[in-house]
Amino acid sequence: MREITLSQAVNEALAEEMRRDERVFIIGEDVAEAGTPFKVLAGLVEEFGTGRVVDTPIAEPGFMGIAVGAAMTGTRPVVDLMFGDFIYLIMDQLCNQAAKTHYMSGGKLNVPLVLRTNLGATRRSAAQHSQSLQALVAHIPGLKVAMPSSAYEAKGLMKTAIRDDNPVVIFEDKLMYQDKAPVPEEEYLIPFGEANIKREGTDITLIGTSSMVQVAEKAAEILAREGIEAEVIDPRTIVPLDEATLLKSVRKTSRAIVIDEGHQSYGVTAEIASRINEKAFYHLDAPVLRMGAMDVPVPFSPALEDVTVPTPEGVAENARRLMSGEMIHAA
Amino acid sequence: MREITLSQAVNEALAEEMRRDERVFIIGEDVAEAGTPFKVLAGLVEEFGTGRVVDTPIAEPGFMGIAVGAAMTGTRPVVDLMFGDFIYLIMDQLCNQAAKTHYMSGGKLNVPLVLRTNLGATRRSAAQHSQSLQALVAHIPGLKVAMPSSAYEAKGLMKTAIRDDNPVVIFEDKLMYQDKAPVPEEEYLIPFGEANIKREGTDITLIGTSSMVQVAEKAAEILAREGIEAEVIDPRTIVPLDEATLLKSVRKTSRAIVIDEGHQSYGVTAEIASRINEKAFYHLDAPVLRMGAMDVPVPFSPALEDVTVPTPEGVAENARRLMSGEMIHAA
Amino acid sequence: MAKTKTNTEDYLQMYRQMVRIRTFEDNANKLYLDAKMPGLTHMYSGEEAVAVGICEALKVTDKITSTHRGHGHCVAKGAAFKEMFCELLGKEEGYCRGKGGSMHIADQSNGNLGANAIVGGSMGIATGSAFTAKMLGTDDVTVCFFGDGATAQGLLYEVMNMAALWKLPVIYACENNGYSEYTRTEEIAAGSITARAEAFGIEAHQVDGQDVLAVNTLTQKLVARARKGEGPFFLELMTYRYHGHHVGDINREYYRTKDEEKDWKENRDPIIRFRGWLVSEGIASEDEIEAMNAEVRQDAEQAVDYALNAKYPDVSEVDMHVYSDIKHALA
Amino acid sequence: MAKTKTNTEDYLQMYRQMVRIRTFEDNANKLYLDAKMPGLTHMYSGEEAVAVGICEALKVTDKITSTHRGHGHCVAKGAAFKEMFCELLGKEEGYCRGKGGSMHIADQSNGNLGANAIVGGSMGIATGSAFTAKMLGTDDVTVCFFGDGATAQGLLYEVMNMAALWKLPVIYACENNGYSEYTRTEEIAAGSITARAEAFGIEAHQVDGQDVLAVNTLTQKLVARARKGEGPFFLELMTYRYHGHHVGDINREYYRTKDEEKDWKENRDPIIRFRGWLVSEGIASEDEIEAMNAEVRQDAEQAVDYALNAKYPDVSEVDMHVYSDIKHALA
Ligand SMILES: Cc1ncc(C[n+]2csc(CCOP(=O)(O)OP(=O)(O)O)c2C)c(N)n1
Ligand SMILES: Cc1ncc(C[n+]2csc(CCOP(=O)(O)OP(=O)(O)O)c2C)c(N)n1
Ligand SMILES: [Mg+2]
Ligand SMILES: [Mg+2]
């Protein structure tokens, strides 16, 4: 199969959906001629024109609000939020308006909107350009949240998101834009709420989101060399969450580590771990471990930044401990 | 001991701290002559004048930003955010600016700021005036988060918050403003990170935040009549979290339910449950259960709203199940 | 009062609609006072000429966005009493199946995209609705209603900038009733409200909001121009609210005098003025007017009765309409 | 060029400061090109007269807030090269111990409250700093630097409204360099930027940002008036950035011509123009100026050398400075 970058995958998804459905348009800062700072949208304005690839002023609450209203009245906006860290600026429009409109109207109004943004540290971009804020939106009923882990998922989930009649937030890993993966030429969609078993294993379940799927896979390779067979699962969407697949795996392996690049406390790993603890408790031989980003603002200095995110070695080390029966933290 | 309302307790805390420290001021909408819609601040402008009880236009991001800058330069603002639901509007100033300034400046700049706001449904205020959004801010390193459960805590935690050199968010339960509790005449402060054991028990630990402490206490009363002795714990601050007290209790009781009025998924209960699971796993006889608000926008209709929040009966029922050894959700 | 070319039927329709709003509010207020309505609500009485003058210049497919003080806009845009009262009481037959209530009432069948409990929260939505009209090439115009207090929200300036850059068919209608909650407009608005719009290159007009014909005549002209792509426009409508900020705001003398209220009610009431004009111009007789009033009164009473006896949504609806494609979100 | 009463020393100081900025940036750019600098950075070259003209009108205790393009403001407000380069390289001796980096550099010893990676993010902070001055009765003035692109952020209008209502000693300094990222100002700013400030009752001036004396003379007047309580003020400074949006933005021809760049560099360079004036007025000889340039160059080179060899913060610092009162947040 041909290999394309995550950036190209997103670009293709958008182009295909824009060809299929005239109501789809892109709105955000420097999305047209510039194609965004990450160049993900390069070429789209040439095909679809500035009427459907709409450059905005630097006014995130404003263009997010415009997208909500546009979505309510018959179009299907894809909002481009340049950095995930700017999500704080649009929380009202996203969480008070977009997320609640369908419910508050008793099902009469829809907001078919996609918010594309990104996550990920270690780019030396410091505290306001490196956050992974998926936990914030996953907490708000009415939003769906997708976290592609490769070019393949990025394309398939984006297409599904655009066809969804609900507001969907997609977090792309900004460090992965140039990473290639096999992506079919033929059209495909990835349904929401279906986890992907990236690697089968019997000894321990590693659940990773987005950027952390690769970390989990690398950890699994390390562990395999030591005779530990890790199963690696990518939930692909954290809302809806494919609990069944996660539980099935943990019931088999009896051990799990959940890995996500958001801050650990009050983060995504807590929810996933809690569901496993609640629903597979009697199958667990050890506590479900969580590995999120360190609970500190992301430091600029490379010497500090690199230790704030989970690494394959760190995951492998924790897996070994769980396997060895070491009673972590237990008194 | 005299009894005063939660509203009076907050008012006293503010008045005392404003008398003690000239740099303390209040800023927000209709805080002066109107004393806020909940009348919590009544009388303060008479004592401290409009220079220190500052009415603002309806511009939450703006006055939050002003408070951040004021705090950085030598004053100690207490920001009044009329409804907790408006926190979405100030997330950038709170989370990108206030929370990170001390860290980003390498410890050179401080933001001694208190954000007072509220939480709580069942007031028939519908989806945009009923949310309990503590999970969002608890996720962000650099912020402290206090959740008073009665007039006593409201006063003691507020005074501590005002003296803290970091940004602190306090969520008051808007349904509790008229509830009375014993509050000493003498000055006292409640340190952050110290949970309060509201009721001792041996069979099960009920951990409740804010409004849910009462719910837990009522559940404990129901259970006591059935011979089940529940221990009720109020963490009082969820950042920092007094893990030690929670773990000690759970190691004793072997069972726990965590109750919080925020949405359950990706919420506060997940973090607390996860920590217990991780650190007291081998003491648990049953999975830690979580009870948050239902994962739906808060509906207006009383017929629907009332079923969205945890109740004493619901907590008691779950406690019974855990006690009876019923393996909830476990296959 | 400015004379226009509108015909008799239009005049009578405007009169009837103003009376319908006043009557609706009188009944809503009574429901509150009789403790039959859940929560609080904000009365539009006194401002009828604004909503009616504007909405009578619109087509059914034109859109409006409304505010926390939204009953007037809803009636003026064509809503029926029965579904409105049902919504206010949280009943299943309400416009939003009881899920929205007074602060979220929407009537998409008549192009009312909804009230909003976030002050300024619908400015983006209205602008986005106009964006849709432009993108899809319909000639619909959108009117964005908001109060003087809402002009403090930065969102307004963000979306006015984009509306002006993109020549969107949106009319920003600022209902300046002299107060935001308990604060006079002068205390929260520096400079000039119309100049703020003009600074973005938007044509702005100040108009007597108690004169339904003046409002209607001007709006007709602007709507016609907006349809031709000459928008956006800005209107500042000088008006007054007769009741308190909400139905519970009874003691108002600390922020405005009884004399002031009396003056507006007796000397500038939009219904009395227009009624006098209709009679003096021979468009309707006193008897005809009384008959119309009585008819509206009866209509309202019947609707109230109906709504009081109507049923609440079934509790199983609580997790419906969270997502459009998932029947029960928590199933 | 306007002649002023400032004395020789002041002129030479302005010249030296402009050269210091240009030299700092040339070195920073080289560090990037040599792959010795982590991350990206935004060059101030071309805009020196703005920062210097303004900051030379300020006292040490006056405050400024800065932007993502912040090196110029930092130098102009008095910062030393060594601590600045250390910060850019993430070293312990940096102004922020390497935790902030280029986009968060702050120097509280000279009243620089910090760069900000959120466009418009410091508008509230600057206004709050002015609030402190008023509340505590100091006569400090705060200057808020931001770009033309930042005028699209609603926050500006929120805080200008409050600054105007409360007569705060703040000067909003809009550096209009014709572009925000890859977009021309005309495409993202409707109407008139100065008129927007005036609409809030704020006196606004447009000034040639390449003329350091014009900038300085006007700022001196406004600062003096602001100290007396006549503020706020607004300045639109017409200027140009020589480099790309950031150091990696090399191919710029799709959004601006080489001719345009050449014209500004050759005909409107603030340093060349001022140097010519200094010589023609007999304030400095060519030799003296060359000596000054050489001295600055040497100073910069030494600082770069020092910074390259300086040590990174110890990894144990990663969880320090999250909270001011907790030495290690994760201990
Ligand atoms: C973002 C936000 N801030 C504050 C409030 C509380 N609030 C509700 S109505 C109101 C006053 C609005 O004044 P105005 O815009 O003039 O409308 P009016 O009530 O006069 O019609 C306020 C402050 C809110 N609902 N939303
Ligand atoms: C809230 C926010 N939106 C977008 C960005 C990305 N961004 C960084 S600089 C910039 C352009 C800023 O333009 P302007 O204000 O004119 O400043 P200049 O770069 O020209 O100095 C943008 C869009 C950001 N950092 N913050
Ligand atoms: Mg008003
Ligand atoms: Mg610019």
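The analysis underlying the following values was restricted to heavy atoms, covering all of them including side chains, and did not include hydrogens, waters or symmetry mates. Every chain is numbered from 1, with letters handed out A, B, ... down the list of sequences.
- D:Lys59 NZ: more than 12 foreign heavy atoms inside a 6.0 Å radius.
- Neither the backbone nor the side chain of B:Val168 comes within less than 4.5 Å of any heavy atom in chain D.
- Here the closest heavy-atom approach between residue B:Leu109 and residue D:Leu113 is recorded as CD1-O, 3.7 Å.
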* Going through the checks in order, is the salt bridge (Lys or Arg N to Asp or Glu O under 4.0 Å) test met by D:Asp325 and B:Lys144? -> CA-CA 12 Å; D:Asp325 55 337; B:Lys144 298 184 181 181; 2.8 Å; yes

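- Heavy-atom distances place no part of B:Val111 under 4.5 Å from chain D, backbone and side chain included.
- For D:Ser324 against B:Asn110, the heavy-atom pair with the smallest separation is CB-OD1, 3.8 Å.
- With B:Lys108 contributing its side chain and D:Tyr95 its backbone, the two residues share a donor-acceptor pair below 3.5 Å.
- Between D:Leu155 and B:Gln93 there is a side-chain heavy-atom pair separated by less than 4.5 Å.
- Closest of all the heavy-atom pairs between D:Asn161 and B:Pro57 is ND2-CG, 3.6 Å.
- Note that OG of B:Ser105 and CD of D:Gln108 are 7.5 Å apart. Values are rounded to the nearest 0.5 Å.
- Looking at D:Asn116, the atoms closer than 4.5 Å to chain B (heavy atoms on both sides) all sit in the side chain, from C-beta outward.
- With respect to chain D, the highest number of heavy-atom pairs below 4.5 Å among B:Asp165, B:Asn166, B:Asp92, B:Ile58 belongs to B:Asn166.
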* To do: Test B:Phe63 against D:Thr127 for side-chain contact (heavy atoms from CB on, under 4.5 Å), laying out the working first.
  => CA-CA 9 Å; B:Phe63 67 73; D:Thr127 312; over 6 Å; no

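- Between D:Ile326 and B:Phe192, the closest side-chain pair of non-hydrogen atoms is not below 4.5 Å.
- In this structure, B:Thr56 and D:Trp166 have side chains that are in contact, with non-hydrogen atoms separated by less than 4.5 Å.
- When heavy atoms are compared at a cutoff of 4.5 Å, D:Leu165 approaches chain B solely by way of its side chain, counted from C-beta outward.
- Taking the centre of each ring, B:Phe25 and D:Phe131 come in below the 6.0 Å mark.
- The shortest distance between side-chain heavy atoms of B:Tyr103 and D:Val318 falls below 4.5 Å.
- Counting heavy-atom pairs closer than 4.5 Å to chain B, the top residue among D:Arg97, D:Met160, D:Met135 is D:Met135.
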* List the steps and the verdict of side-chain contact (heavy atoms from CB on, under 4.5 Å) for D:Ile125 and B:Gln97. => CA-CA 9 Å; D:Ile125 294 171; B:Gln97 312 298 341; 3.9 Å; yes

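- Neither the backbone nor the side chain of D:Ala126 has a heavy atom closer than 4.5 Å to any heavy atom of chain B.
- In this structure, the side chains of D:Met162 and B:Ile66 come closer than 4.5 Å at one or more pairs of heavy atoms.
- Across all their heavy atoms, B:Thr73 and D:Gly128 have their closest contact at OG1-O, 4.2 Å.
- The shortest side-chain heavy-atom distance between B:Met104 and D:Cys96 does not fall under the 4.5 Å cut-off.
- Within a 6.0 Å sphere centred on CD of D:Glu230, other residues, nucleotides and ligands contribute more than 12 heavy atoms.
- For a residue to count as touching a neighbouring chain, one of its non-hydrogen atoms must lie under 4.5 Å from one of that chain's; by this rule D:Lys134 does not touch chain B.
- Between D:His321 and B:Gly107, the shortest heavy-atom contact is CD2-CA, 3.5 Å.
- Top candidate by heavy-atom pairs under 4.5 Å with chain D, chosen from B:Leu143, B:Asp164, B:Thr101, B:Val68, is B:Leu143.
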